[in-house]
Amino acid sequence: MRVIIGYSMRSGSTLLAHILGGHSQIRAYSDISSSWALLRNMVGLRHRGTVCIKPLDLVYLQHRLRPWQRFDRRIWLARDPRDAYLSTVESGYAYLFWRPGRREADIDLGLLARWRRIYRTYLDHPESWYRVHYEDLVQDPDTTLSGLLEFLDLPFEKLYPFEPFDLIHGGDYKITQSNTVRRDSRHRYLQQLTPEQMALFDRELGAEMQALGYPLGRDLPTPAVKRETARIATPHQPPVREPSPARHPAGLASSHGAGD
């Protein structure tokens with residue numbers, strides 16, 4: 001069986017591929033290491049067993065070749081674009097394969113356009129994908145992973161806590177420091193974005209956020225939104241501290257488990 005993970009940058013896709021790779025019947029390939037496996041699949045060569053491929057998200061920026069159509073199972077990993085944006089600019093990967101765009105309220109509109117373009121892959125054909133929310137994976141990993149294995153028609157195995165990368169167990173080399181997930185990586189935008197910045201996300205990505213089940217900034221209680229002026233960290237600025245979490249409604253096609 002061939003499985004592909006769809007996502008946009010900084011959505012937890014590396015983590016998900018690493019965790020799934022811990023299943024006895026799954027071989028997972030991520031980022032650069034997935035290139036040969038993706039090419040093999042595109043030319044029609046079959047894989048033995050279950051292969052899970054998490055390509056670079058650049059694959060989802062183009063909509064002509066559509067290599068994901070050759071896969072037996074498709075998983076879309078969604079994350080609130082406001083948190084994904086914050087993580088992207090703080091990680092230093094924001095402009096690895098993308099030029100800086102016009103800024104408004106200290107938000108790079110080009111990065112928002114990149115996110116929207118990638119999410120067209122899912123939102124144009126949501127029925128073709130099994131959607132998993134990053135927030136669910138972090139809040140309730142056991143239930144989320146159980147539902148995912150059921151979707152893949154694979155026997156249940158305890159995948160969490162997971163084995164970090166080493167030469168014996170393999171996995172993704174970027175995951176070496178922990179065998180659990182951090183719950184404080186959810187809903188950071190509530191503390192780090194100003195009302196003006198929240199309104200900008202509503203304007204630019206509001207329809208997509210609603211389709212995914214994420215609340216618009218205008219629908220949040222006023223005290224939940226940071227009032228003072230905020231500056232989004234760039235790759236050259238230190239990351240800001242994590243906020244307290246908040247609940248968001250799950251999307252209609254969401255995996256099991258939702259928010260707090």
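The model shown is predicted, which means the values in this text are computed figures rather than measured ones.
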All heavy atoms of Gln62 vs all of Pro67, minimum pair found to be NE2-CD, 3.7 Å
Measure the spacing between CH2 of Trp76 and OH of Tyr122 and express it to the nearest 0.5 Å. 9.5 Å
Inter-residue atom distance Tyr29.OH - Ile4.CD1, 0.5 Å rounding: 14.5 Å
In this structure, OG1 of Thr88 is separated from CH2 of Trp115 (nearest 0.5 Å) by 11.5 Å
Looking only at heavy atoms, what is the nearest atom pair of Ser30 and Thr14, with distance? OG-OG1, 4.2 Å
Whether the side chain of Asp202 engages the backbone of Gly217 through a donor-acceptor N/O pair (distance < 3.5 Å, no angle test) should be reported. yes
Donor-acceptor pair, distance only, cut-off 3.5 Å: does the side chain of Arg102 make one with the backbone of Leu109? no
With heavy-atom distances below 4.5 Å as the criterion, would you say the side chains of Leu58 and Ile118 are in contact? no
Rounded distance (nearest 0.5 Å) linking atom CD of Glu157 with atom CD of Gln25: 6.5 Å
For residues Thr50 and Leu152, determine if any side-chain heavy atom of one lies less than 4.5 Å from a side-chain heavy atom of the other. no
Do the non-hydrogen side-chain atoms of Arg120 and Glu208 ever get within less than 4.5 Å of each other? no
Can you tell which of Arg114, Arg116, Arg82 makes a salt bridge (charged side-chain N to carboxylate O under 4.0 Å, His left out) with Glu204? Arg116
Would the distance check show the side chain of Ser146 and the main-chain N or O of Asp142 forming a donor-acceptor pair, the cut-off being under 3.5 Å? no
Please test Val51 against Arg2 for side-chain contact (heavy atoms from CB on, under 4.5 Å), starting from the C-alpha separation and ending with a verdict. CA-CA 5 Å; Val51 173; Arg2 300 161 299 178; 5.5 Å; no
Evaluate the side-chain contact (heavy atoms from CB on, under 4.5 Å) criterion for residues Phe151 and Ile75: first the C-alpha distance (whole Å), next the side-chain angles of each, then the deciding distance (0.1 Å), finally the verdict. CA-CA 9 Å; Phe151 164 72; Ile75 302 166; 4.1 Å; yes
Taking Asp136 for the side chain and Thr144 for the main chain, is one N or O donor matched with an acceptor at less than 3.5 Å? no
Would you say Val138 and Asp184 make side-chain contact, with heavy atoms under 4.5 Å? no
Check: Arg79 side chain, Arg10 main-chain N or O, donor-acceptor pair, under 3.5 Å: yes
Minimum side-chain heavy-atom gap Ile53-Phe71 below 4.5 Å: yes
Taking the side chain from His187 and the backbone from Asp80, do they hold a donor-acceptor pair closer than 3.5 Å? no
Going by the rule side chain to side chain contact (heavy atoms under 4.5 Å, CB included), which residues pair with Glu127 if we only count those two or more places apart in sequence or in a different chain? His125
Are Asp108 and Val89 close enough that some pair of their side-chain heavy atoms sits under 4.5 Å apart? no
Looking at every heavy atom in both Ala28 and Ala17, which two are closest together, and how far apart are they? CB-O, 3.4 Å
Tell me if a side-chain donor or acceptor on Ser185 pairs with a main-chain N or O of Arg182 at a distance below 3.5 Å. yes
Between Gln197 (side chain) and Ala105 (backbone), is there a donor-acceptor pair under 3.5 Å? yes
My understanding is that only residues two or more places apart in sequence, or in another chain, count here; which of them pass ring pair (Phe, Tyr, Trp, His ring centres under 6.0 Å) with Tyr7? none
Compare all side-chain heavy atoms of Leu193 with those of Leu86 and state whether any distance is below 4.5 angstrom. yes
Run Leu112 and Leu200 through side-chain contact (heavy atoms from CB on, under 4.5 Å) and show every step you take. CA-CA 10 Å; Leu112 303 194; Leu200 189 148; 3.5 Å; yes
Restricting to non-hydrogen atoms, name the atom on Val181 and the atom on Phe162 that form the minimum distance, rounded to 0.1 Å. CG1-CE2, 4.3 Å
Can you tell me how far apart OG (Ser11) and CG (Asp57) are? Round to the nearest 0.5 Å. 8.0 Å
Measure from the side-chain N and O atoms of Arg73 to the backbone N and O of Val3, and report whether any donor-acceptor pair falls under 3.5 Å. no
Residues Leu137, Leu148; criterion side-chain contact (heavy atoms from CB on, under 4.5 Å); working and verdict: CA-CA 10 Å; Leu137 181 63; Leu148 188 49; over 6 Å; no
Within a strict 4.5 Å, meaning less than it, do heavy atoms of the Phe201 and Tyr189 side chains meet? no
Please give me the minimum heavy-atom distance between Asp106 and Tyr85, naming the atom from each residue. O-OH, 4.0 Å
Distance-only donor-acceptor check, side chains Asp83 and Tyr134, under 3.5 Å: no
Gap separating the CZ atom of Arg186 from the CD atom of Glu135, nearest 0.5 angstrom: 8.0 Å
Please find the pair of heavy atoms, one from Ala78 and one from Leu212, that lie closest to each other, and give the distance. CB-CD2, 4.3 Å
Say whether, by atom type as modelled, one donor and one acceptor occur between the side chain of Trp98 and the main chain of Gly110 under 3.5 angstrom. yes
